Number of protein chains: 2
Amino acid sequence: MADIYELLRSAGVQPTPQRLAVARYVLGTTSHPTADEVLAKARRECPTLSRATVYNTLTRLAEHGLVRPQTIREGVVVFDAHTERHHHFVDEATGKIYDVPWEALSVSGESSLREYDVRDYQVVMRGRRRKS
Amino acid sequence: MADIYELLRSAGVQPTPQRLAVARYVLGTTSHPTADEVLAKARRECPTLSRATVYNTLTRLAEHGLVRPQTIREGVVVFDAHTERHHHFVDEATGKIYDVPWEALSVSGESSLREYDVRDYQVVMRGRRRKS
DNA sequence: CACGGATTTAGACTACTTCTAAACCTGGAG
DNA sequence: CTCCAGGTTTAGAAGTAGTCTAAATCCGTG
């Protein structure tokens, strides 16, 4: 949340008002928004913001490691402000995506996969979130 | 590939020429095709086949457990004829998806996830396939 | 052979994403 | 101060994935 302006600058992304509005929303939520959701929220701060700018900005933030696009939900890319390794749980009833800490699961056996140079992996779980 | 006709019938899907063409292709490949790829291939056998029929048929095959839709590649659903549990490896250079046997990996720790009722899970890996 | 239900079809339509070309800053050189 | 050049933003067009609709077709039964 802190100083988004400085965060963008130090990541090498010139901080324009539009980019700040996008970054403030996407970096401040854990809800895995789609580009359109980011557009809707960021427009509250910057009403002329265009769809193209949102896509450009999200792509740029991703290139600079500030968000991570994820292919988990059907038909859309969602953006995750949580950039360290972690797993995901998808609630099939609501479509909501939850982050699962890396340490909650342990995966072994990758070493047997000689044919593949695995650069990254994650466990994707689906089911229902228990009401608590 | 055996008797697709019987396979459809016994799964409760009325085997029409269009459905046979779709099923023959999608059940006979390990390439995780998209609906459009299935359309292109199945049209060789059945040139009047329409896009809508391909979507309808793939949905029906999925409902009857003969294929499994997967959300792994950006922006598209791919269909996997391999319906038992398994993991996936995505080659980031080519976009190709490879099946990884269930036994090749072991995941532990799901039990700590009290908040979630995990009905299904898989490991999704990304990287480069080694040329062999 | 007519009927009715299931199936197929083309094309319209929606959603998501990328592209394009014009407009718009903004900051430095003259 | 003015002009220019870069980068940025914009609306809308275009491209791609998938769904929907209504008419046409097919097929088994009476």
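Because only heavy atoms are used, hydrogens play no part in the values below, and waters and symmetry mates are left out as well, while side chains stay in. Since this is a predicted model, take the numbers as computed values, not measurements.
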Heavy-atom count check: over 12 atoms from other residues, nucleotides or ligands less than 6.0 Å from [X] [atom1]?
| X | atom1 | answer |
| --- | --- | --- |
| A:Glu45 | CD | yes |
| A:Glu92 | CD | yes |
| B:Arg85 | CZ | yes |
| B:Arg9 | CZ | no |
| B:Arg114 | CZ | no |

Inset, instruction - Would you classify A:Ser50 as touching base, sugar-phosphate or nothing, given that sugar-phosphate means primed atoms plus P, OP1 and OP2, and contacts are heavy atoms under 4.0 Å? - result: base
Legend entry - A:Leu27, A:Thr53, A:Leu49, A:Thr16 screened by side-chain contact (heavy atoms from CB on, under 4.5 Å) with A:Val22, the one that passes: A:Leu49
Inset, instruction - Could you tell me which non-hydrogen atom of B:Pro69 sits nearest to which non-hydrogen atom of B:Val77, and how far apart they are? - result: CB-CG1, 3.7 Å
Inset, instruction - Of all the heavy-atom pairs spanning B:His88 and B:Asp80, show the shortest one and how long it is. - result: NE2-OD2, 2.9 Å
Inset, instruction - Would you give a per-nucleotide map of nucleotides 13-30 of chain D, 5' to 3', where B means the base has a protein non-hydrogen atom under 4.0 Å away, S means only the sugar-phosphate does, and - means neither? - result: ----SBBB----------
Legend entry - A:Thr53 side-chain N/O to D:dT9 phosphate OP1/OP2 under 4.0 Å: no
Legend entry - chain B contact limits on DNA chain C, taken 5' to 3' with a cut-off of 4.0 angstrom to heavy atoms: C:dT7 to C:dA10
